[in-house]
Amino acid sequence: MTRHGKNCTAGAVYTYHEKKKDTAASGYGTQRVRVGRDAVKDFDCCCLSLQPCRDPVVTPDGFLYEREAILGYLLHRKKEIARQTKAYERQRAQRRREREQRGRAGAEAALRGFLQAESPLGGRGAAP
């Protein structure tokens with residue numbers, strides 16, 4: 001077999017033996033490691049609180065939530081969104097003030113430059 005044949009890894013074929021060797025090396029997909037009971041939630045548990053539901057609500061996608069957990073989450077998110085909105089408005093106002101200050105500073109610099117160029121004492125067109 002040539003050197004190129006040994007190093008050929010760009011092929012689309014993944015042989016049974018290669019797959020078996022990779023599986024043995026990584027340990028992924030084997031029966032030796034099983035998922036524990038605590039990693040799988042029960043059917044009647046809320047997706048937010050992971051506790052058994054007393055007042056269950058099911059979404060159209062099939063997710064199960066407890067009504068109290070949903071309301072608590074929405075209230076928390078509402079407060080968080082209000083806080084972020086206030087911070088955003090403060091940031092916008094600060095940027096607007098900075099932009100206005102830069103505009104005023106630029107206008108004042110332009111006016112000073114015009115007045116300096118047009119003044120009879122310091123301008124270029126002044127007579128001696």
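We're numbering straight along the sequence, starting at 1. This is a predicted model, so every value here is computed, not measured.
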Going by salt bridge (charged side-chain N to carboxylate O under 4.0 Å, His left out), name the residues that satisfy it together with Arg104, two or more places apart in sequence or in a different chain.
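Salt bridge (charged side-chain N to carboxylate O under 4.0 Å, His left out) list for Arg104, sorted by chain: Glu100.
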Name all residues meeting the side chain to side chain donor-acceptor pair (under 3.5 Å) criterion together with Arg54; count only those two or more places apart in sequence or in a different chain, and write none if there are none.
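Arg54 satisfies side chain to side chain donor-acceptor pair (under 3.5 Å) with no other residue.
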List the residues meeting side chain to side chain donor-acceptor pair (under 3.5 Å) with Gln84, not counting sequence neighbours, and say none if there are none.
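Gln84 satisfies side chain to side chain donor-acceptor pair (under 3.5 Å) with Glu80 only.
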Transitive ILVMFWY cluster of Leu111, excluding itself - 4.5 Å side-chain cut-off:
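Once heavy-atom contacts under 4.5 Å are chained together, Leu111 belongs with Phe114, Leu115.
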Under 4.5 Å between side-chain heavy atoms, chaining through other members, with only Ile, Leu, Val, Met, Phe, Trp and Tyr counted: pull out the rest of the cluster around Leu75, sorted by chain and number.
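Other cluster members: none.
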If I compare all heavy atoms of Tyr65 with all of Cys47, which pair ends up nearest, and what's the gap?
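Here Tyr65 and Cys47 meet closest at CE2-CB, 3.5 Å.
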Please name the pair of heavy atoms, one in Cys45 and one in Cys53, separated by the smallest distance, quoted to 0.1 Å.
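That closest heavy-atom pairing would be C-SG, 4.0 Å.
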Distance (rounded to the nearest 0.5 Å) between [X] [atom1] and [Y] [atom2]:
| X | Y | atom1 | atom2 | answer |
| --- | --- | --- | --- | --- |
| Leu50 | Glu66 | CG | CD | 11.5 Å |
| Lys79 | Leu74 | NZ | CG | 12.5 Å |
| Lys86 | Ile81 | NZ | CD1 | 13.5 Å |

Provide the full list of side-chain hydrogen bond (donor to acceptor under 3.5 Å, both in side chains) pairs with a residue in residues 69-78, sequence neighbours left out, each pair given once.
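For residues 69-78: none.
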Examine Phe63 and Val57 and state if one hydrophobic cluster contains both, with Ile, Leu, Val, Met, Phe, Trp and Tyr joined whenever side-chain heavy atoms are less than 4.5 Å apart.
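Yes, Phe63 and Val57 fall within the same hydrophobic cluster.
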Report the residues that fulfil side chain to side chain contact (heavy atoms under 4.5 Å, CB included) with Ala93, sequence neighbours left out, ordered by chain and then residue number.
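Side chain to side chain contact (heavy atoms under 4.5 Å, CB included) check on Ala93 returns Arg96, Arg97.
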